[in-house]
Engineer: 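The structure's right below; bear with me while I get my questions together.
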Amino acid sequence: MAGRKYKKYNFNSDFEAHGYPESSWPLLNEYLSRSAAEFGLSDKEVRAKLDTMLQNLDTIEIDDRPDSSLNATYNPAEKKITLNYAGMSARNESYVAHLCAMFHELGHVGEDLLAEDPNSFIKVGKNGRLKGVSFNEILTEMKAARLTMNMRLSADMGPGSDPKCMMRHVGYNDLIFAGTMVHTALGVSEKEFLSAAEKGPEHFREVMSKKFSDPKAFDTFMARVTFITDTMHSIKYNPNRKGQLTQTDYRNITNLTASLYHECLTAMDARMATEVQQGVDPKTFSEKSRYEMERLAANYEHGLRTNTPYTIDQLNDVPALAPTQEKLAALEVATSMRKKLGKKTFEQLVAELNLEDVNCEEVLSKYGLTLPSIADAPSVDTSEYKKEFLEEDYGTEYWDNKDPIGSIKEMETDDRISHVGTKEIPFSPRVNATMDKLNEVNTLDEVASYDSGMAAQGEVEVEVKVKSDDKEI
Amino acid sequence: MAGKNEINGVPLLGSIEFEGSIYYLDIEENIYLYDKENFKLILIKDEGLINTILDMLEAKPLDIV
């Protein structure tokens, strides 16, 4: 299959003027070209992205430590990207993963001012603590994956094997599901979601907040989402952790994941109500909504399975699907009963159902109907929609990564690229401690140990799917 | 926490369990302990505890250092 066709930018003269090593030019050009194609950037926006890069990236460095768990870092103070080719090679990371690591860090270049943007979901909290860092990582990784992954292949493997679930990612593989849940709740494709994010906080907030009749609903939703993802991130990547994750950690992760699901359902509910008020095609709305709920639930379950040793059936306090599904079931019943009900239009019915705050059972009882259980609700064949979704969102084309677009390996052999070699990378003690601990967290041994302890207490049955790597890039 | 967006009219961001107790945060990052017997939120004023919990909630950037 031929690779994807897209406009190729060439900023070699800018890179040369700025002193970037020549071996880095192909990758930098490719990053900007793919960003423009994937996220729909105009020439002016690409130029602005280039200017940000020139202003915030001075140095590219190769870390030669094969035993380091870091794939790459970006240091905004030193305006430096450090790539660990040796480490990635030692872990048999693919060439696509190398690209993804590089593109992830390029995504971070220039982001240090995000917290000063009033529209950003990154905010400065109490005592100068940053909020929203984890969700920003999720977005950055999702964008890098879209710029590097073979979409079709990605949908056929790993977490992306189910098209409802997230596609494969190189970094933060345990947190990405949250990003998929959020854009599903907002009713936009991953591509639309990331394109809006790529164009900056103001644009992102403007586009996404329109999904709700009350723009503040979006801000509240994002505040809760970032709280949840930051907290999960903190538990899983805690530099101060002594030893393995505890039962309390797992309970917190479980509750946070369930909370995310609840928040997404609530947001989806409000967003659907807004869509209905604005006028929708009943059939499309019904199919899309049901598909989105399936997708939300699939990624929720994926998040639980990735991050906890519980099976889905053991989670007694998983929130009920009821609020949104009941409304949709009611809508479907109402739609199917339209002829029976007579002259009312679908919109009139929806207005009568008052989706803002409806007791479906009560409303339907007015019509002599009873609310069906979800299992009894009229089924909707979404297979066609899923097919359309796959082609629209993931694309039938893909990046041909075999093109000679440069590589970290090529950069490694460039004399103008500095090597950190065996010298210590000047990370803070906190980050170094994190790196040491990352190898201890979530290993199979740890989970097995945890499970045997839990099983001995008769508290859980063991079904474990936990990765041992993919910590970060 | 799942499903609880507010308690006693206080809009909440979320909750976290720490040392056997569940602490709630509001949008302003005030931290509360829920008094189950009296069905009310108790505002935490202990700066040490507040900082410990806020530390638990802060994502540490690993690749932006």
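Both backbone and side-chain heavy atoms feed into the values below; hydrogens, waters and symmetry mates do not.
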Engineer: Between chain B and each of Thr220(A), Thr257(A), Thr248(A), count heavy-atom pairs under 4.5 Å; write down the option with the most.
Structural biologist: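 Ranked by heavy-atom pairs under 4.5 Å with chain B, first place is Thr248(A).
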
Engineer: Given that the side chain runs from C-beta out, which part of Leu256(A) has a heavy atom under 4.5 Å from chain B: side chain, backbone, both or neither?
Structural biologist: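 The answer is the side chain of Leu256(A).
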
Engineer: Classify the angle between the aromatic ring planes of Phe18(B) and Tyr23(B) as parallel (below 30°), tilted (30 to 60°) or perpendicular (above 60°).
Structural biologist: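 If you compare the ring of Phe18(B) with that of Tyr23(B), the planes turn out tilted.
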
Engineer: Heavy-atom distances under 4.5 Å only: say whether Leu25(B) touches chain A with side chain, backbone, both or neither.
Structural biologist: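 For Leu25(B), side-chain heavy atoms alone lie under 4.5 Å from chain A.
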
Engineer: Is it the backbone or the side chain of Glu19(B) that comes under 4.5 Å from a heavy atom of chain A, or both, or neither?
Structural biologist: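 Neither part, no heavy atoms under 4.5 Å.
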
Engineer: Answer yes or no: is there a donor N or O on one side and an acceptor on the other, between the side chain of Asn75(A) and the main chain of Lys79(A), under 3.5 Å?
Structural biologist: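 Flag not set: sc Asn75(A) to bb Lys79(A) has no pair under 3.5 Å.
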
Engineer: Do Tyr172(A) and His233(A) pass the ring pair (Phe, Tyr, Trp, His ring centres under 6.0 Å) test, and can you show the C-alpha distance, the side-chain angles, and the key distance before you say yes or no?
Structural biologist: CA-CA 9 Å; Tyr172(A) 294 114; His233(A) 188 122; 5.4 Å; yes

Engineer: Phe135(A) pairs by side chain to side chain contact (heavy atoms under 4.5 Å, CB included) with which of Val182(A), Leu175(A), Ile228(A), Asp230(A)?
Structural biologist: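 Result: among Val182(A), Leu175(A), Ile228(A), Asp230(A), Val182(A) is the only option passing the side chain to side chain contact (heavy atoms under 4.5 Å, CB included) with Phe135(A).
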
